[in-house]
Colleague: 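Following this message is one structure expressed as structure tokens.
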Amino acid sequence: MTSIGNSAFYSCDHLTSIQIPDGVTNIGSRMFYYCYALRSITIGSGVTSISDDVFLSCNRLTTITVKATTPPTLGGSSAIPSNVTDIYVPEGSVDAYKAASGWSDESKISAIAA
């Protein structure tokens with residue numbers, strides 16, 4: 001599996017955390033739409049593209065961990081919601097994420113703890 005389709009987890013209101021496998025390269029639009037309980041997600045190292053509105057209405061999502069060394073391309077608006085307080089990325093990639101388009105407030109980005 002290399003792609004997870006649009007709205008794949010639509011309205012999974014008991015989903016609190018999830019790990020996207022390293023083999024996935026694309027996260028489809030509105031994948032976690034209305035996943036109100038989602039608090040954290042780990043995105044695998046193979047992800048190169050995150051579509052628009054992936055986390056729309058994920059009001060409790062506070063932590064995103066991305067294992068990809070190159071920042072995935074973010075599609076459209078609302079890719080990273082404003083309620084996210086922490087974005088963890090590989091240690092050598094912090095500056096690349098801070099410079100990448102759409103990766104939110106750079107003060108939220110820090111290295112994954114060893």
Colleague: Are the side chains of Ile41 and Phe55 in contact, using a 4.5 Å heavy-atom criterion?
Modeller: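 A side-chain contact exists here, since the closest heavy-atom pair is under 4.5 Å.
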Colleague: Between the side chain of Trp103 and the main-chain N/O of Ile109, is any donor-acceptor distance below 3.5 Å?
Modeller: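 Not confirmed, Trp103 side chain does not pair with Ile109 backbone.
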Colleague: Taking all atoms of both residues into account, what is the closest heavy-atom pair of Cys58 and Leu38, and its distance?
Modeller: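 Taking every non-hydrogen atom into account, SG-CD2, 4.2 Å.
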Colleague: Output, in order, the C-alpha distance, side-chain angles, deciding distance and verdict of side-chain contact (heavy atoms from CB on, under 4.5 Å) for Thr69 and Val89.
Modeller: CA-CA 7 Å; Thr69 55; Val89 301; over 6 Å; no
Colleague: Would you give the length of the straight line joining atom OH of Tyr88 to atom OG of Ser40, rounded to the nearest 0.5 angstrom?
Modeller: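 Atom-to-atom, Tyr88:OH and Ser40:OG are 10.5 Å apart.
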Colleague: Would the distance check show the side chain of Asn83 and the main-chain N or O of Leu61 forming a donor-acceptor pair, the cut-off being under 3.5 Å?
Modeller: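 Yes; at least one donor-acceptor contact below 3.5 Å.
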Colleague: Is the shortest heavy-atom distance from the side chain of Ile50 to the side chain of Thr73 under 4.5 Å?
Modeller: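 Counting from C-beta outward, Ile50 and Thr73 never come under 4.5 Å.
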Colleague: Looking only at side chains, do Asp52 and Ser29 share a donor and an acceptor under 3.5 Å apart?
Modeller: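 A donor-acceptor contact under 3.5 Å links the two side chains.
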Colleague: If you compare all heavy atoms of Tyr97 against all heavy atoms of Ala68, which two are closest, and at what distance to 0.1 Å?
Modeller: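 Here Tyr97 and Ala68 meet closest at OH-O, 2.6 Å.
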Colleague: What's the spacing between Ser51 OG and Ile27 CD1 if we round to 0.5 Å?
Modeller: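 Answer for the OG-CD1 pair, Ser51 versus Ile27, is 8.5 Å.
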Colleague: Quick one: closest heavy-atom pair of Val66 and Ile112, and the distance?
Modeller: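 Here Val66 and Ile112 meet closest at O-CD1, 3.8 Å.
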Colleague: I need the minimum non-hydrogen distance between Arg30 and Leu56, along with the two atoms involved.
Modeller: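 Answer, listing the atom of Arg30 first, then Leu56: CZ-CD2, 4.1 Å.
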Colleague: Taking the inter-plane angle between the rings of Phe32 and Phe9 on a 0 to 90° scale, is it parallel (under 30°), tilted (30 to 60°) or perpendicular (over 60°)?
Modeller: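 Parallel, since the angle between the ring planes stays under 30°.
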Colleague: Walk me through it: do Thr2 and Val24 pass the test side-chain contact (heavy atoms from CB on, under 4.5 Å)?
Modeller: CA-CA 4 Å; Thr2 59; Val24 172; over 6 Å; no
Colleague: Would a distance-only check, ignoring hydrogens and angles, find a side-chain to backbone donor-acceptor pair under 3.5 Å from Thr48 to Thr25?
Modeller: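 Pair found, side chain donor or acceptor close to backbone of Thr25.
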Colleague: Quick one: does any side-chain atom of Thr65 pair with a main-chain N or O of Thr42 as donor and acceptor, under 3.5 Å?
Modeller: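 No; judged by distance alone, with no hydrogens or angles, the pair does not exist.
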Colleague: May I ask you to check whether over 12 heavy atoms, not counting those of Asn59, lie within 6.0 Å of atom CG?
Modeller: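 Above 12, so yes.
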Colleague: Tell me, please, which residues at least two apart from Ala96 pass side-chain contact (heavy atoms from CB on, under 4.5 Å).
Modeller: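 Once residues adjacent in sequence are excluded, the partners of Ala96 under the side-chain contact (heavy atoms from CB on, under 4.5 Å) criterion are Pro71.
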Colleague: How many angstroms lie between CG in Asn26 and CE in Met31, if you round to the nearest 0.5 Å?
Modeller: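 Atom-to-atom, Asn26:CG and Met31:CE are 9.5 Å apart.
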Colleague: Looking only at heavy atoms, what is the nearest atom pair of Pro81 and Lys108, with distance?
Modeller: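 Smallest interatomic distance, heavy atoms only, reads O-NZ, 4.4 Å.
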Colleague: Which heavy atom in Cys35 sits nearest to a heavy atom in Ser11, and how many Å separate them?
Modeller: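 What the structure gives for the nearest pair is SG-N, 4.4 Å.
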Colleague: Working to the nearest 0.5 angstrom, can you tell me the gap between Asp86 CG and Thr62 OG1?
Modeller: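 Rounded to the nearest 0.5 Å, the CG-OG1 separation comes to 6.5 Å.
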Colleague: In chain order, what residues pass the salt bridge (Lys or Arg N to Asp or Glu O under 4.0 Å) check against Asp22, with sequence neighbours excluded?
Modeller: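 Per chain and number, Asp22 pairs via salt bridge (Lys or Arg N to Asp or Glu O under 4.0 Å) with Lys67.
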